[in-house]
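I have placed the structure first, in the form of structure tokens, so that the comments after it can refer back to it.
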Protein chains: 2
Amino acid sequence: MSKYRNDIELFATQFKALSNPHRLAMFRRLASCCPPGTICSTEEAVRYSVGQLGADIDISISTLSHHLKELNRAGLVQMARKGKRVECWVAPQTIVQLASFFDALSAQPNIQGEIHE
Amino acid sequence: MSKYRNDIELFATQFKALSNPHRLAMFRRLASCCPPGTICSTEEAVRYSVGQLGADIDISISTLSHHLKELNRAGLVQMARKGKRVECWVAPQTIVQLASFFDALSAQPNIQGEIHE
DNA sequence: TCTATATTTCGACATGTATCGAATAGTAGA
DNA sequence: TCTACTATTCGATACATGTCGAAATATAGA
């Protein structure tokens, strides 16, 4: 019951982080394997510096940094400094958890009792 | 590629609609089957009046109406007057489409590797 | 240590959002 | 038609967000 409410709060926070087109684009790039124009291979991918993430997004670097902070706050993206740069990657389990929110709804189209109190 | 950008805008709009805990709770209820205190059967459910949707959410009816309008604007929820009440239901395909956003991401192998140059 | 590069923080501003209660509007029934 | 019920719209208010450029911070290398 309280778990239900916390769930909602958590997912709402994550959806909020994804509600800005710029942030969503950054997240999707991070969540996908290969950067545009690159051939995907298993050794590559999944970590970007802040600047790289905003490569084809037309906003200032400070705004970019702000958005990354939001994604990080929501627990979707993790960050760590590596030399001059700050590496970013999608937090493990994030995508699966988000997918599960909708999968749980569509999996049981007409039978679900969890709301009852 | 242009489709890619439009995609992002569309999904961002939808995530925005789901970014408020109250709206998310309303959406989830609508996406699930039974109203509280009701026995679930196939003929019932899936449609709620505005008031029913906010039954256990502690906000004013005008705020509730506002949130429903947002969900409707984002294309997640459809509404139609039926007598004194306004019925609400989840727009067809909505859940599947939202799920597909994350499924498409998680389908890719998620191996963490080098930073892109 | 000085410099170039990468990123964050700060201050400012315009715009958007959540919320309420009151007023308004649509509908069903007495 | 009058009334009760349901929902929307309106006006107001407080707060949050996206954005920028400038200043500050962190790091690597000359």
Side-chain angles (χ1 to χ4, degrees), chain A residues 5 8-30 35 47-89, chain B residues 5 8-9 11-30 35-36 47-89 114-117:
Chain A
R5 281 204 178 275
I8 285 287
E9 297 284 335
L10 178 71
F11 279 116
T13 300
Q14 302 193 133
F15 290 141
K16 187 183 215 162
L18 299 178
S19 74
N20 177 282
H22 292 151
R23 279 200 297 268
L24 187 57
M26 292 159 75
F27 177 79
R28 177 143 89 169
R29 165 164 300 179
L30 220 42
R47 286 189 178 213
Y48 287 78
S49 71
V50 174
Q52 286 173 316
L53 260 180
D56 60 358
I57 299 176
D58 193 25
I59 54 177
S60 74
I61 187 80
S62 60
T63 303
L64 200 67
S65 176
H66 161 72
H67 283 320
L68 238 356
K69 199 159 102 181
E70 291 300 306
L71 288 168
N72 179 251
R73 254 207 274 260
L76 300 182
V77 164
Q78 297 186 331
M79 308 169 75
R81 184 168 277 275
K82 191 165 189 178
K84 276 190 292 189
R85 297 180 169 185
V86 171
E87 284 187 358
C88 311
W89 64 97
Chain B
R5 280 206 177 273
I8 285 286
E9 297 283 336
F11 279 116
T13 300
Q14 303 193 134
F15 291 141
K16 186 183 216 162
L18 299 178
S19 73
N20 177 282
H22 291 150
R23 279 199 297 268
L24 187 57
M26 291 158 74
F27 177 79
R28 176 142 91 169
R29 164 162 302 176
L30 218 43
R47 289 185 177 217
Y48 287 77
S49 71
V50 175
Q52 285 173 318
L53 261 179
D56 60 359
I57 299 174
D58 192 26
I59 54 177
S60 75
I61 186 80
S62 60
T63 303
L64 201 66
S65 176
H66 161 71
H67 284 319
L68 238 354
K69 200 159 103 180
E70 290 301 307
L71 287 167
N72 179 250
R73 253 207 275 259
L76 301 181
V77 164
Q78 297 187 331
M79 308 169 75
R81 183 169 277 274
K82 190 163 192 179
K84 275 190 291 191
R85 298 180 168 184
V86 171
E87 284 188 357
C88 310
W89 63 98
E114 299 295 305
I115 191 164
H116 287 290
E117 212 55 49

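Per chain, numbering begins at 1; letters A, B, ... match sequence-line order. All values below come from the heavy atoms of this structure, side chains included, with hydrogens, waters and symmetry mates left out.
- Note: CE (B:M79) to P (D:dT9) measures 9 Å, nearest angstrom.
- Near-neighbour residues of DNA chain C inside residues 59-72 of chain A, defined by a heavy atom below 4.0 Å, number-ordered: A:I61, A:S62, A:S65, A:K69.
- The side chain of A:H22 sits closest to D:dT19 out of D:dT27, D:dT6, D:dT19.
- You'll find the side chain of A:L64 reaches within 4.5 Å of the side chain of A:M26, heavy atoms only.
- The CD atom of B:E70 lies 10.5 Å from the OG1 atom of B:T13; values are rounded to the nearest 0.5 Å.
- Taking a heavy-atom distance under 4.0 Å as the criterion, the stretch of DNA chain C touched by chain B extends 5' to 3' from C:dT17 to C:dA28.
- Rounding to the nearest 0.5 Å gives a distance of 6.5 Å between NE2 of A:H22 and NE2 of A:H67.
- Here the side chain of B:R23 pairs a donor or acceptor atom with the backbone of B:A17 at under 3.5 angstrom.
- For the pair B:E87 CD and D:dC5 C1', the computed distance is 16 Å after rounding to whole Å.
- Distance A:K82 NZ to D:dA28 C1': 15 Å, rounded to the nearest Å.
- Rounded to whole Å, the distance from CZ on A:R81 to P on D:dT25 is 13 Å.
- The distance from atom CZ of A:F15 to atom CG of A:L76, rounded to the nearest 0.5 Å, is 10.0 Å.
- For the pair B:S65 (side chain) and B:I61 (backbone), a donor-acceptor distance under 3.5 Å is absent.
- Side chain of A:R81 to backbone of A:G83: a donor-acceptor contact under 3.5 angstrom is found.
- Residues A:V50 and A:L53 are not in side-chain contact: their nearest non-hydrogen atoms beyond the backbone lie 4.5 Å or more apart.
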